[in-house]
Amino acid sequence: MTDGTTAPPRPVILAADDDPAVLSAVRGDLRSRYGRHYRVLTAPGGAEAIETLNRLKLRDDPVAVVVSDQRMPEVTGTEVLTAALELFPNIRTVLLTAYADTDVAIGAINDLHLDYYILKPWDPPEERLFPVIDDLLEDWHAHNQPTYAVTRVVGSRWSARTHEIRDFLQRNQIPMQWFDVDISEEGRRLSEAAGEDGLPLVITADGNALHAPDVATLAAALGHKTSADGGSFDLAIIGAGPAGLAAAVYGASEGLRTVCVEQLVAGGQAGQSSRIENYLGFPAGISGSDLARRAVTQARRFNVDVLAPTTTVGLDLSGPYPRLELADGSAINCGSIILACGVAYHSLQVPGCADLEGRGVFYGAALSERESVTGEDIVIVGGANSAGQAAVFFSEYANSVTILCRANELGAKMSSYLVDQIAAHENIAVRCGASVRSVEGSDRLKTVTVLDAATGQTEDLAASALFVFIGASPRTEWLPPQIARDARGFILTGPALGDRRHRTVDGERDPFLYETSVPGVFAVGDVRASSIKRVASAVGEGSVAVQFVHQVLRS
């Protein structure tokens with residue numbers, strides 16, 4: 001007996017090659033590995049591949065990966081992938097090339113955001129083909145959950161709590177369907193069905209209705225782990241940005257029982273980046289949320305306890321081992337600690353800003369607002385990479401993007417590749433030597449008043465959103481006074497501690513490279529004084545610090 005429903009179609013993997021022997025080989029390899037859970041289709045040429053894609057589109061069949069040879073007569077591989085991306089924007093793409101076609105593949109990375117290119121032959125497939133397809137399928141599934149597994153959010157785009165919820169779901173890559181109750185009839189129907197207990201309304205995939213939940217309540221309802229199973233660990237890491245996650249992966253993979261505590265969302269500020277294009281190993285770039293998702297998955301594979309959102313409120317250094325105090329009243333004992341708690345964006349101290357936070361004024365990228373800014377005029381404040389990445393991302397949705405930068409030129413703190421991308425977008429305007437004087441709006445942002453430093457004149461800009469990236473302060477207010485900090489609150493480590501010596505059971509020694517003023521407590525990433533504010537350097541610091549943790553634990 002059945003309920004009359006049909007199983008959803010299996011996602012498609014399509015391979016195209018005009019060489020029968022090569023096509024037979026790729027068909028055999030793909031079907032042997034993926035045939036149980038995917039439909040592996042093949043096409044003997046570029047034109048046939050596009051015809052197949054058109055049929056799949058008409059049938060509304062899901063397409064996950066397209067693998068195409070480059071050198072095909074009449075229709076090349078890049079033309080096939082271009083057509084595929086137009087029909088299925090979320091697919092993952094692979095180009096099969098000969099060594100002589102490497103330049104073509106690199107061009108496809110720049111022009112099409114090609115995911116991978118594979119040099120023929122790919123023998124053995126276990127090393128040169130399957131890891132690539134495995135990674136692409138995992139990435140595709142993370143962004144393409146079935147509709148019945150989607151969390152629905154009903155609220156107003158001008159509600160600060162609604163923004164907080166949407167941002168949390170987006171940064172955690174939880175599939176979400178958004179209904180603006182001000183314009184959506186379906187949103188109003190859902191609100192009425194759930195009862196009049198207040199908006200925003202969150203309906204989880206299992207049908208549980210939550211009225212105006214805070215982030216901690218929402219996380220618990222979604223099954224997030226927020227408390228540790230046991231009280232003692234070899235290594236505790238505070239913060240799950242790139243530095244903290246790198247430390248977690250290296251620590252756990254080397255046998256340390258490791259816990260990673262994050263007060264907001266894994267990924268840190270880097271997790272809000274729409275696309276990081278200069279991180280080693282990702283030639284097509286990678287979004288911050290994707291990088292965070294991969295890192296968290298890797299950490300959990302090594303049995304790291306990732307607790308998020310979980311707030312650390314204190315560090316007790318009075319006993320023989322450090323003790324972390326959590327907001328829920330529990331505590332974690334550990335042999336060593338790595339502080340990777342990152343920074344928080346400075347708030348914009350101008351009239352009207354505090355009242356409109358979450359209702360048009362946002363700190364960080366707030367990528368969940370991309371639908372809200374579609375066709376609107378928006379303003380971005382800041383002149384570093386985070387501001388540039390946000391400007392390029394939102395320019396694909398907004399009518400216009402205005403960047404306000406205090407410096408005399410945009411390239412003072414921004415990578416040149418971002419400066420070039422901004423210059424190539426006609427709907428991005430850059431105003432250097434400019435700052436925000438005030439913002440106005442009753443229930444939502446409507447006007448941004450801009451001050452020109454050179455002329456002293458002000459101008460009112462109509463805007464529905466203001467994204468702020470104006471420097472950051474370290475999240476160190478909860479630390480005890482024994483942890484030495486500089487005048488701005490950043491943690492001093494290693495040589496920055498001067499002549500300080502650590503007393504240990506083995507005698508006195510100099511602090512290790514990333515060790516703080518307290519033996520066995522380390523600091524890495526943006527929270528460390530004089531750190532380089534780049535993802536790659538944060539990952540390096542996190543991984544290197546683990547080597548010193550081993551030395552502390554051995555002693």
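In what follows, residues are counted from 1 in the order of the sequence shown.
- Gln389 and Ser273 form a side-chain donor-acceptor contact under 3.5 Å, judged by distance and modelled atom types alone.
- Counting only distance, with no hydrogens or angles, the side chain of Arg171 and the backbone of Gly288 share no donor-acceptor pair below 3.5 Å.
- Using modelled atom types, no side-chain atom of Ser415 and backbone atom of Leu418 make a donor-acceptor pair closer than 3.5 Å.
- Taking a 6.0 Å sphere around CG of Asn278, one finds it holds more than 12 heavy atoms contributed by other residues, nucleotides or ligands.
- For Asp135 and Arg294, the salt-bridge test passes: some basic side-chain N is under 4.0 Å from an acidic carboxylate O.
- For Glu369 and Arg166, the salt-bridge test passes: some basic side-chain N is under 4.0 Å from an acidic carboxylate O.
- Judged as a salt bridge (charged side-chain N to carboxylate O under 4.0 Å, His left out), not a single pair has a partner in residues 404-413 (not counting sequence neighbours).
- Other residues, nucleotides and ligands contribute only 12 or fewer heavy atoms inside 6.0 Å of the CG atom of Asp60.
- The aromatic rings of His163 and Phe362 sit tilted, their planes meeting at an angle between 30° and 60°.
- Residue pairs satisfying the side-chain hydrogen bond (donor to acceptor under 3.5 Å, both in side chains) criterion with at least one member in residues 32-47, sequence neighbours excluded, are listed as follows: Arg27-Thr42, Arg33-Asp134, Tyr34-Asp134, Tyr38-His141, Arg39-Asp61.
- In this structure, Asp526 and Gly342 approach most closely via the heavy-atom pair CB-CA, 4.5 Å.
- Residues Arg528 and Lys533 approach most closely at O-NZ, 4.4 Å, considering heavy atoms.
- For Tyr363 and Tyr345, the ring centers sit 6.0 Å or farther from each other.
- The CZ atom of Phe522 sits 10.5 Å away from the CD atom of Gln547 when rounded to the nearest 0.5 Å.
- The only option from Leu81, Leu95, Leu96 that meets the side chain to side chain contact (heavy atoms under 4.5 Å, CB included) definition with Val67 turns out to be Leu96.
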